[in-house]
Chemist: 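Quick one: this structure, given as structure tokens, is what I'll be asking you about.
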Amino acid sequence: MYTVRKVTDDLYWVGGNDHRLHLFENIHPIPRGVSYNSYLLMDEKTVLFDTVDWAVCREFLESVALVLDGRDLDYVVINHLEPDHAASLNEVILRYPNVKIISNERAFLMMHQYGFDVDGRQIQVEEGDAMSFGKHEITWVFAPMVHWPEAMVSFDTTNGVLFSADAFGTFGALDGKLFADEVNFDRDWLDDARRYLTNIVGKYGPFIQDLLAKAGTIDIKIIAPLHGPVWRKDLGYFIEKYDKWSRYEPEEEGVLLVYASMYGNTEHAAQSLATKLCERGMTNVHVYDVSSTHVSTLISETFRLSHLVLASVTYNLEIYPVMYNYLHEMKLLNLQNRTVGIIENGTWAPQAAEKMEEFLDGMKIMDVLSGSVSVASSMTDTTDKELDALADAIIESMEKEREIKAKAAREAELKNN
């Protein structure tokens, strides 16, 4: 059946994979490509859930025709109008002129902005509306700002399939493996899933929490997102990840050490701190050069780990430009609830520490450790001792956080008993 895969007895994946695109949204590197997922329900009425990007339109149309096998297409549900999912809508309409388009008011306004030929075809739904297509009944739940304002999700109350739009998506082409249980998700997909969520939707954590609260009221058996694998097993594992990321709660206790170095001296200080942390037993330490690491990776790692160390050279009496860009992205994406250590360097008039602290003051729940380290050009015995003190402060803060969590767990257990 070409690249078509069956999701359930009468639901088919008719999407496509794109290895030619190098930058998602022309920003984020996707070395493993990306999938554009579309699903076709074969009931008394035929229903297509979303379309695909132009890049895979021909393959998509062939797959739709193959599954329809001569039947007409009755409906297209548009959950999310972003062009990587809706771009092929007019092509579908040209081939199936009797088709009706199901979506919401805001989405229809955007369809006119994009020039889609939907006049006379619209079926406008509201939150909680439902339609029967034969055996299957679909109800709609609105998901504004996950991650566009018109986004909604469709839930099949008959078989428990949630068509989740951009929620629960991930970077990476499927390459035949449709289901999350057909891959080693932790090893091969989790980092891309986190990078996708934190960079694309991370700003809108409260809206994700709203959607998770709504999802908790329905009996979901399968999650069918618009990018990445379909979930039919261990749904709680991935839902729990989304819950943490959208609450800005660290996944792991560990240290992300991001440095900006012009001639290697600030890097030397960062590596020295990493060594000291490992000597103290904290080996979950990850060191990145902000100049050679894409900011989407830095954002993903910042969401993952509990502690952050920023080490920056002073540049024109300011924060080093690429370090500033990283901080700006962090703030833009609403990152919060982290413990931060600071290292600065400057041959003359070092200013980076003060400027970074000012920046962090404008963010939520960012606990900046006292005693920032100031390197005057290169490492000395004095800065080595200051780095020892910073390493001790990081370890101490971790111990305090463990104690707080343990106390909260004990109190919760007592309350439940």
Side-chain angles (χ1 to χ4, degrees), residues 3 5 13 15-38 50 52-60 80 82-85 87-88 147 164-203 223-231 237-238 241-242 245 251-252 254 256-260 267 284-305 322-323 325-326 328-330 332-333 335:
T3 56
R5 284 207 62 182
W13 179 86
N17 295 288
D18 189 353
H19 280 285
R20 296 188 179 190
L21 186 69
H22 297 293
L23 294 173
F24 188 83
E25 295 185 341
N26 213 22
I27 300 175
H28 309 293
I30 46 172
R32 298 195 310 119
V34 68
S35 73
Y36 307 111
N37 299 344
S38 176
D50 297 289
V52 296
D53 188 88
W54 270 112
V56 296
C57 182
R58 184 178 66 176
E59 173 189 334
F60 158 72
H80 180 31
E82 198 167 6
D84 54 339
H85 308 300
S88 299
H147 66 119
S164 63
D166 265 349
F168 303 106
T170 179
F171 298 136
L174 295 170
D175 299 338
K177 299 174 287 294
L178 177 61
F179 298 102
D181 54 273
E182 295 178 326
V183 301
N184 187 327
F185 196 86
D186 263 348
R187 185 190 67 194
D188 299 331
W189 286 84
L190 181 58
D191 286 346
D192 271 337
R194 185 190 309 104
R195 192 161 62 88
Y196 172 88
L197 182 281
T198 56
N199 286 276
I200 306 300
V201 199
K203 179 181 178 69
I223 298 175
L226 288 176
H227 296 292
V230 171
W231 289 81
Y237 161 86
F238 203 34
K241 294 292 185 187
Y242 258 65
W245 297 334
E251 260 180 272
E252 302 173 21
L256 172 63
L257 211 164
V258 181
Y259 69 86
E267 178 183 7
N284 193 19
V285 177
H286 303 266
V287 181
Y288 290 94
D289 181 348
V290 72
S291 295
S292 60
T293 308
H294 194 271
V295 69
S296 66
T297 297
L298 298 177
I299 290 296
S300 176
E301 289 289 82
T302 312
F303 270 76
R304 180 169 72 94
L305 297 164
V322 281
M323 178 66 81
N325 181 56
Y326 164 50
H328 175 73
E329 286 295 307
M330 224 192 291
L332 183 68
L333 292 168
L335 184 97

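Count residues from 1 along the sequence. Quick note: numbers below take in every heavy atom, side chains included, and nothing from hydrogens, waters or symmetry partners.
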Chemist: Can you tell me how far the CG atom of D84 sits from the NE2 atom of H80, to the nearest 0.5 Å?
Modeler: 6.5 Å
Chemist: Applying ring-ring contact (aromatic ring centres under 6.0 Å, His included), name anything that partners F60, two or more places apart in sequence or on another chain.
Modeler: none
Chemist: Strictly distance-based, threshold 3.5 Å: is any side-chain N or O of S300 a donor or acceptor partner for the main-chain N or O of S296?
Modeler: no
Chemist: Just how far is it from atom CG of L298 to atom CZ of R195, taken to the nearest 0.5 Å?
Modeler: 11.0 Å
Chemist: Any heavy-atom pair between the side chains of D175 and H19 that's under 4.5 Å?
Modeler: yes
Chemist: Output the distance between atom CZ (F303) and atom CG (L335), rounded to the nearest 0.5 Å.
Modeler: 5.0 Å
Chemist: For G15, does its backbone N or O pair with a side-chain atom of S38 as donor and acceptor, under 3.5 Å?
Modeler: no
Chemist: Should K241 and L190 be marked as a side chain to side chain contact (heavy atoms under 4.5 Å, CB included) after you check the CA-CA gap, both sets of side-chain angles, and the distance that decides it?
Modeler: CA-CA 9 Å; K241 294 292 185 187; L190 181 58; 4.2 Å; yes
Chemist: I need the R5 CZ to E182 CD distance, nearest 0.5 Å.
Modeler: 4.0 Å
Chemist: Count the heavy atoms of every other residue, nucleotide or ligand shown that sit under 6.0 Å from NE2 of H286, and state whether that count exceeds 12.
Modeler: yes
Chemist: Ignoring hydrogens, what is the shortest heavy-atom contact between N17 and L174? Give both atom names and the distance.
Modeler: OD1-N, 2.7 Å
Chemist: Looking only at heavy atoms, what is the nearest atom pair of P229 and F185, with distance?
Modeler: CG-CE1, 4.2 Å
Chemist: Minimum heavy-atom separation for T297 to Y288, with atom names?
Modeler: CG2-CE2, 4.3 Å
Chemist: Is any side-chain heavy atom of I200 closer than 4.5 Å to a side-chain heavy atom of F171?
Modeler: yes
Chemist: With a 4.5 Å limit on heavy-atom distance, are the side chains of E82 and L226 in contact?
Modeler: no
Chemist: Search all heavy atoms of V295 against all heavy atoms of Y326 and return the closest pair with its distance.
Modeler: CG2-CA, 3.9 Å
Chemist: Using the ring of each side chain (for Trp, its six-membered ring), is H227 parallel, tilted or perpendicular to F24, with breaks at 30° and 60°?
Modeler: perpendicular
Chemist: Between the side chains of Y36 and S88, is a donor N or O closer than 3.5 angstrom to an acceptor N or O?
Modeler: no
Chemist: What heavy-atom pair brings P225 and A167 nearest, and what distance separates the two atoms?
Modeler: CB-O, 3.6 Å
Chemist: Report yes if the side chains of R304 and L256 come closer than 4.5 Å at any heavy-atom pair, otherwise no.
Modeler: no
Chemist: Any idea how Y242 and F238 line up, ring-wise: parallel (<30°), tilted (30 to 60°), or perpendicular (>60°)?
Modeler: perpendicular
Chemist: Between atom CG of D53 and atom OG of S35, what is the distance when rounded to the nearest 0.5 Å?
Modeler: 11.5 Å
Chemist: Restricting to non-hydrogen atoms, name the atom on A173 and the atom on W189 that form the minimum distance, rounded to 0.1 Å.
Modeler: O-CH2, 3.5 Å
Chemist: Within this structure, what is the CG-CE distance for the pair D289 and M323, rounded to the nearest 0.5 Å?
Modeler: 9.0 Å
Chemist: Donor-acceptor pairs under 3.5 angstrom involving side-chain atoms of residues 25-32: please list them, not counting sequence neighbours.
Modeler:
residue : atom : partner : partner atom : Å
R32     : NE   : D192    : OD2          : 2.9
R32     : NH2  : D188    : O            : 3.2
R32     : NH2  : D192    : OD2          : 3.0

